[in-house]
Engineer: 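Below you'll find the structure I mean.
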Amino acid sequence: MKISRIISIAWENMKQRRLRTSFTTLGVVIGITAIIGLASLGEGFRLEIRDRMQQGFELDILIVIPGSFTTGLGEFEPQEVSRVRNVSGAASVTPLITLPRTRLLNEEDEPLNALTVAGVNFKEMAQMLPERLAPLEGSVPSPEENNTVVLGYKACFLNESTRLVNVGDNVTVQFGAAPYNVTKKLKVAAILEKSGTSGITNFDYWAFMPANTTFNLVKREVYNIILVKVADIEESEEVGRNVEAVFDNPYSVSVLVPLAFMRQVDRILNIVQIFLMSIASISLLVAGIGIMNIMTVSVMERTREIGILKAIGAKSRTVLTMFLAEAMLIGLIGGLIGMLTGYGISYGFAYGLSNLIQSQQSSEVAYRTQNPERLSINPVFSPEWTVIAFVFAIVICVVFGLYPARKAAKLDPVNALRYE
Amino acid sequence: MAKILEVREVQKSYQIGKIVVPALRGVSFDVEEGEVLAIFGPSGSGKSTLLHLMGGLDRPDSGEIVVDGDSLQKLPDDALAELRLSKIGFVFQFFNLLPRLTALRNVELPLTIAGTPEKQGLEKAASLLKLMGLEARMHHRPFELSGGEQQRVAMARALVNNPKIVLADEPTGNLDTKTGWEIVQLMQKLNKEKGQTFVIITHDPHVAETADRMIFLKDGLVEAVKEAPRRNTQ
Ligand SMILES: Nc1ncnc2c1ncn2[C@@H]1O[C@H](COP(=O)(O)OP(=O)(O)OP(=O)(O)O)[C@@H](O)[C@H]1O
Ligand SMILES: [Mg+2]
């Protein structure tokens, strides 16, 4: 017997018992709705978190530090920096030098709130981190001007109401331990916008001056941080290894790959999602048991029919296939409807959720940033998950249909014909 | 005449709990190609049991059944199904049509199982229903048909695969005398015109007498075989 005919007969049978078929299918619909809904919302949630981390933490920037926990901190020679510049996969590279034991004093000799004083290449920094180096007042000097300083927002304040310095003021930089202070007068060129994040590139307490100015203070041309922006964030780890490889002793540098941190967060979200989806899968199992139950009743009701089919020459396998085809069709239809409702519900849910979060946030004092803080989860249509859920629906139905279908196939035709 | 079916020392008993009920206790006879054979006997004599064994619906406890040269005991279940499909046509007392299918679809069913293309199958089914005088009833479901009409649909279904032999278990048992007689006439006609072999189980002596040969079954044994006088004169 041709499989297409078997399927069309199964379909006819199901149509004859419309109500029963609908209820059986409903179980599958609910299971698949839950799975698809959780998959697409979970994926959307994960992408949103990833996006925010990317915005807040500059995940595409590797931080290279000389030395390690075992060798202690060291320095980068200019030629080492230029080797890093040529690393493949690096979109841009800029070196920094941070000065230890350094203070900035305003014109009244009060110390500024600058925790880190760094020598940088303004142009390269501004290119790599345009948002972080956006000036609130003044302008970041370009081309570089010696003896200028750019201050982070909070470096200029003692507290919320007491300002320590203004653009155009002179500040004194003191370097090294007292009484051997090396001092220099710098002019405040710009004050930066408040940073919106608490990430590694929060420059609120930083003070920047041109690298050349710092070289004059330390009397040498050295760096102690290299920032490497990767061309493709997914290749962060590989670029990190490339960076290590340009050093004579790769063990003498540490490369921090922020993406690795995010990957960990990703893994955690993954586990949560798998957990939720396994719970959703249980509802599909329940649906499967429903199918088994209803089909077993159906086989009993159709005993005589099965006997007739066998008497006129249907093989056991044909009868088996007929019942399995019904189970499969239930899985197919339930899967299809469940997919539609699953995506429908997840879009509706996401819409409601983002509205809720928005209205909650409007009552809080929003942190001043360039991007408004608004959580919006966009459910993700994942072809893989769709296919997996669909196949899962059919497999569950067929597996649970197997018992009643075998029962039908094994019926003894003579007894089946006698059955009233 | 060639033997189309042979029954050799067939025994069959049923077990109900601890009690063994012997239904057939060593039955032997032949069915010749092209004949109408009646199996006659009182209720419980084992007629239906015998018919099921002859059609490969069940297996005997001992003895041998040969259909068209094939010994059934050697055949696996699937081959028996194949044999029922291609060589045997069953007609039952209670018609045994599928209630949800139309007359036409019921008749087509064996062809569907055999894998005949739908169009061809429906044509064949329609032509048989026509032969049975049911042209106007093709698209009716069994519950919309009279008993006689249902039995004619069942006959059409039994014949649709051109079986070598039609096994009918009390085909008139559920019909009034007149309608039953029409069915018997129809079988006679098919036998005369197409040379179709029929084995008809009945406990109606009038029906039995229309056959070429009659086998009396009693308590699971063949008590007598009677040739119809009509046949002797031929
Ligand atoms: N499945 C079964 N289980 C137990 N006993 C059975 C079974 N089928 C038949 N029998 C017994 O076997 C014997 C023969 O039954 P069978 O149905 O062959 O008789 P029959 O000649 O067809 O009778 P009837 O004319 O009433 O149809 C009976 O005693 C019956 O009770
Ligand atoms: Mg009987």
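Below, chains carry the letters A, B, ... as their sequence lines are ordered, and counting in each starts from 1.
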Engineer: Give me the one residue out of B/Thr179, B/Thr172, B/Asn174 that meets side chain to side chain donor-acceptor pair (under 3.5 Å) with B/Asp176.
Structural biologist: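 Of B/Thr179, B/Thr172, B/Asn174, side chain to side chain donor-acceptor pair (under 3.5 Å) with B/Asp176 is met by B/Thr179 alone.
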Engineer: B/Asp77 versus chain A, heavy atoms under 4.5 Å apart: side chain, backbone, both or neither?
Structural biologist: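 Looking at B/Asp77, nothing touches chain A.
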Engineer: When only pairs under 4.5 Å are counted, which of A/Ile6, A/Leu309, A/Asp412 shares the most heavy-atom pairs with chain B?
Structural biologist: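 Most heavy-atom pairs within the cutoff with chain B belong to A/Leu309.
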Engineer: If you measure only the distance, is there a donor-acceptor pair under 3.5 Å linking the side chains of A/Ser382 and A/Glu43?
Structural biologist: no
Engineer: If you count heavy-atom pairs under 4.5 Å between each of B/Leu85, B/Ile113, B/Leu111 and chain A, which one has the most?
Structural biologist: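 When all of B/Leu85, B/Ile113, B/Leu111 are compared, B/Ile113 has the most.
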Engineer: Is chain B contacted by the side chain of A/Ile308, its backbone, both, or neither, given a heavy-atom distance below 4.5 Å?
Structural biologist: side chain
Engineer: Do B/Ser146 and B/Glu149 have side-chain N/O donor and acceptor atoms under 3.5 Å apart?
Structural biologist: yes
Engineer: By a 4.5 Å heavy-atom criterion (distance strictly below it), what part of B/Ser86 contacts chain A: side chain, backbone, both, or neither?
Structural biologist: neither
Engineer: Quick one: pull up NZ in A/Lys407 and OG1 in A/Thr296 and give me the separation to the nearest 0.5 Å.
Structural biologist: 6.5 Å
Engineer: With a 4.5 angstrom heavy-atom cut-off, is it the side chain or the backbone of B/Leu97 that approaches chain A, or both, or neither?
Structural biologist: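 For B/Leu97, backbone heavy atoms alone lie under 4.5 Å from chain A.
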Engineer: Between B/Phe90 and B/Phe92, is the gap from one ring center to the other below 6.0 Å?
Structural biologist: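 Here the rings of B/Phe92 and B/Phe90 have centres that are less than 6.0 Å from each other.
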Engineer: What part of A/Ile9 is in contact with chain B, defined as an atom under 4.5 angstrom from a non-hydrogen atom: side chain, backbone, both or neither?
Structural biologist: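 For A/Ile9, side-chain heavy atoms alone lie under 4.5 Å from chain B.
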Engineer: Hey, are the side chains of B/Lys47 and B/His203 touching, using non-hydrogen atoms and a 4.5 Å cut-off?
Structural biologist: yes
